[in-house]
Amino acid sequence: MDTLSVVRVGIAEGAIVKKPQKIRTNGLGSCVGVVLYDSAGDWSGLVHVMLPEVPKDKQVNPAKFADVGVPWLLDRLYEAGANRRRVQAKIAGGAQMFAPVGSSDLLRIGPRNVEMVRHVLTELNIPLVAQDVGGSQGRTIEFDPVTSMLSVRTALRGTYEI
Amino acid sequence: MTEEIEFSEVVADVLREVGNIGAGHAATALSVLLHEEVHMSVPSAKMMPFNEIPDLVGGAEVLTAGVFIQLDGNLGGNLLLIMPAESAAQVIGHLLSEKHSVEEFNAMDFSALAEVGNILGGSFMNAVSQLTATTFHLSVPGVAVDMAGAILNICMLSAEATSDKALIVDTRISQGENDIDAHIILIPNSDAMAPLLKALGC
């Protein structure tokens, strides 16, 4: 276990931390940062997903995809000892960084990521207590397990907490 | 795993050369636009892990201006022009003879930024097209001012879903006095790699 006070999660990666460690990820564009935390326990986790769905029949890194990345993170929390009934979620990201060009699905990936994350959270019965998604701005997020607040920093619109 | 294109040193050299020639054309176009001499540095062509891509422009949180162009035709892919905030402000300020910081870019500034992307991207791809005897269509450019990591997300999306790396052909254009630093990043779709290399004689 890492002893840094803030654990950094890269793109298509996920990690869990124990209070009072914080966890952050930088530069979410169309990607979505999903924070799952035990609201009365010690463990929190963050996964930085890039794409909505895992390709069929492929061996992949689960942290890259919303549909498998969220359950994967939840399993990590359970293994560490988080209580299933107390796990809650906060999410941020899923922007559309560039105005649509032609009819490409590539540019709509942000909204599709958000839809999939919400869908998976509903399936898993995890309450989504706060979200800052969509729009066209990038976000850097940091979760503080002590206060359960998610700090969202944007390049042009300042920093706020959800 | 899908079959990965063998990425040998030879292939890297060929792609670097493509980037070099493309950047040469783009640098000429930029110098015509600015009426000043611009320089280009030797580009790199490599498979980069997603996490390292933002380091090309100084880190995921650096404020940047980006122009995104999609390529289709014989070979699909994406082209991204990305400039640190101050460089973008310099270029656009020079063109419109009224300089705004990127935070204060107005519609005119964004439009000029898109046009710079169009001209640089067009001249870059023109060179690649001649070199490979293939045809590309360039989409209307999309523009954004935001943190580098967020803008660069788009590059990673065009990589194969099962890969955690993307092929990046990075070229840098700089202009001494005004400290203009611009990166043109070419990301061929994974299924475009084989035909691209074939066209280049690999």
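In the text below, chain A, chain B and the rest are named by the order of the sequence lines, each starting its count at 1.
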Inset, instruction - Check A/W43 against A/G81 and note the closest heavy-atom contact, atom names and distance. - result: CD1-C, 4.5 Å
Legend entry - Proximal component of A/L156, with respect to chain B [non-hydrogen, under 4.5 Å]: side chain
Inset, instruction - Would you please go through residues 127-138 of chain A and name the residues with a non-hydrogen atom below 4.5 Å from one of chain B, in numerical order? - result: A/S136, A/Q137, A/G138
Legend entry - Backbone of B/A29 reached by a side-chain donor or acceptor of B/S123 within 3.5 Å: no
Legend entry - Trace of the salt bridge (Lys or Arg N to Asp or Glu O under 4.0 Å) decision for A/R24 with B/E61: CA-CA 13 Å; A/R24 75 185 262 133; B/E61 297 207 76; 2.9 Å; yes
Legend entry - Which portion of B/L63 sits near chain A, non-hydrogen atoms under 4.5 angstrom: side chain
Inset, instruction - Using the side chain to side chain contact (heavy atoms under 4.5 Å, CB included) rule, pick out the option among A/I126, A/L74, A/V87 that qualifies with A/L121. - result: A/I126
Inset, instruction - Before accepting this row, confirm whether a basic side-chain N of the pair A/R76/A/E13 lies closer than 4.0 Å to the acidic partner's carboxylate O. - result: no
Inset, instruction - Grab the two heavy atoms, one from A/A66 and one from A/V117, that are nearest each other, plus how far apart they are. - result: CB-CG2, 3.8 Å
Legend entry - Lys/Arg N to Asp/Glu carboxylate O, B/E86 vs B/K99, below 4.0 Å: yes
Legend entry - Residue A/R153 versus chain B: region with a heavy atom under 4.5 Å: both
Legend entry - Residues B/H137 and B/D72: side-chain donor-acceptor under 3.5 angstrom: no
Legend entry - Under 4.5 Å from a heavy atom of chain A, the part of B/V62 involved: neither
